[in-house]
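Remarks on the structure that follows.
In the text below, chain A, chain B and the rest are named by the order of the sequence lines, each starting its count at 1. Side-chain atoms are counted along with the backbone in the values below, which use heavy atoms only and exclude waters and symmetry mates.
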There are 2 protein chains.
Amino acid sequence: MPGIREVKKRKTRNAIMEAAVRLFSEKGFEKTSIEQLARTAGIGKGTIYSYFQTKTEIFHAFCEDELDFIHSELLSKTDPEAALIEQLMVLYIGEFNLISKNKEFGRLLMQQMVFPVEKDHVKARAIDDRWLTLVFSICRRAQECDELRRDLDLLSIAGHFYGLYIMTISAWYSGRIQTEDVGPELRMLFQQALEGLAPFDSAKTLRAVEVNTLKKTGTRSIKI
Amino acid sequence: MPGIREVKKRKTRNAIMEAAVRLFSEKGFEKTSIEQLARTAGIGKGTIYSYFQTKTEIFHAFCEDELDFIHSELLSKTDPEAALIEQLMVLYIGEFNLISKNKEFGRLLMQQMVFPVEKDHVKARAIDDRWLTLVFSICRRAQECDELRRDLDLLSIAGHFYGLYIMTISAWYSGRIQTEDVGPELRMLFQQALEGLAPFDSAKTLRAVEVNTLKKTGTRSIKI
DNA sequence: GGATAAAATCGACCAAGGTCGGTTTTGTCC
DNA sequence: GGACAAAACCGACCTTGGTCGATTTTATCC
């Protein structure tokens, strides 16, 4: 059984996290000072630093909670029978919704996740890996259905989609594309990634037909 | 003709930038304090803030200089006769070399360029656009040589390559891939982006031949 | 229960980014 | 050249993230 020490420790950590969720959601990450956070949690400022090494680390814990929630929610939303691109869109647009809901929070999240500092990169990878697992399972299934080439490893494939996602989000943050265009834009890019950027001459007509079929019927695309 | 005021203003700004280049290169961005910067430039701390609004903004100006240099250097290095993928590699690996030379500096650069704060996003786009222009000219040429589909707009195409680049850099910062693997990895991803992620049945064998040809001869790939 | 070691907590303190009101320099008009 | 307005400049000051040694609380051993 846990001693008084353990219980208290758990309780204090929870208090910090609860304060963080409230204050970060209320006033954003940067506008929330450690002092406030400590006061809200009912502890001293220094104590926070025996639970988290940096303010950023608190943010990470906060993100982990948020992403846990969104991931489990998205998982239940995806239909494993749907076309690959549809499943990907559910995932990525789901995450984008989280980000666009609080732009500043999302920016911090992306900055830290995509380009983590040395100190945080293990943590960032852990979060990332859970996301990858999700994408992997979808892509593996798509490979089995012949929607994806089998000669590419899953990491590469996931990389392509992830790269397009990051790039699109980047374009959004740079003001290049509007919020309502993120979805369509991403879908188009995914489609192009599947088709390939190089021309393929005779195969072109064939593929064009397939793409049209996909668009009209909404069912799985390339099939023998 | 410029009055004393203008001249002095120019001189002061230059002094700041020179100090920034020296100190940032010497000890990195974060380890350089505004105070030091001011002292080195031979001015007061407050004065800096009448030239730049934030420390980050000084960093941006610094980046612009660095990127200007690297861009012009890269432009002279690319061979317009070489295969698309080779030209892209020169560009992206060139930029990666700049980044990997000072990892922390590069991280800041990427964070600010890819996910800029509202305040900076105009500046970030300006820098970005110059880069895009470079990629555009290469891709346009590739379209004319039938290395790239003509039915895709240049922005989309550049987006694909840029996304893969960001993603690879991200993987590097997360410790997923080593410095020496960045080049090969990126090349592979570019190749896959050209080929497409979806299987294409009969066309597959044809393309495989073309790819092999490319690898062996090193010349332009798909051609009628 | 008293002594002692270890863990947890605290807030004064430090460093650094950024602000602000006062001061100096420059340009202009008479 | 003197008076005055505007721009440029400065550094004391404020805020806040993070540190550190002192203090309190908890666990253990006799």
Check the phosphate of [N] against [X], side-chain N and O only, distance under 4.0 Å to OP1 or OP2. Yes or no?
X	N	result
Tyr49(B)	dC20(C)	no
Lys55(A)	dT16(D)	no
Thr12(A)	dA8(C)	no
Lys9(B)	dA7(D)	no
Ser50(A)	dA8(C)	no
Arg39(A)	dC10(C)	no
Thr47(B)	dC10(D)	yes

Base, sugar-phosphate or nothing for [X]? Non-hydrogen atoms, less than 4.0 Å.
X	value
Thr56(B)	nothing
Tyr51(B)	sugar-phosphate
Arg13(B)	nothing

| message | Would you call the rings of His71(A) and Trp131(A) parallel, tilted or perpendicular, taking 30° and 60° as the class edges? | response | tilted
| said: Taking atom types as they are modelled, would you say the side chain of Lys45(A) forms a donor-acceptor pair with the base of dG18(D) within the 3.5 Å cutoff? | reply: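 Looking at the base of dG18(D), it does pair with a donor or acceptor on the side chain of Lys45(A) (distance under 3.5 Å).
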| Is the shortest distance from a Lys or Arg side-chain nitrogen in Glu35(A) or Arg39(A) to a carboxylate oxygen in the other one below 4.0 Å? |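 The answer is yes: the pair qualifies as a salt bridge.
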| said: Check Lys31(B) with Glu104(B), please: is the shortest side-chain N to carboxylate O separation under 4.0 Å? | reply: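 Salt bridge flag = no for Lys31(B) with Glu104(B).
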| note | Separation of dC10(D) atom C1' from Ile48(B) atom CD1, nearest Å, is 12 Å
| said: So Phe96(B) and Thr168(B), do their side chains get closer than 4.5 Å, heavy atoms only? | reply: no
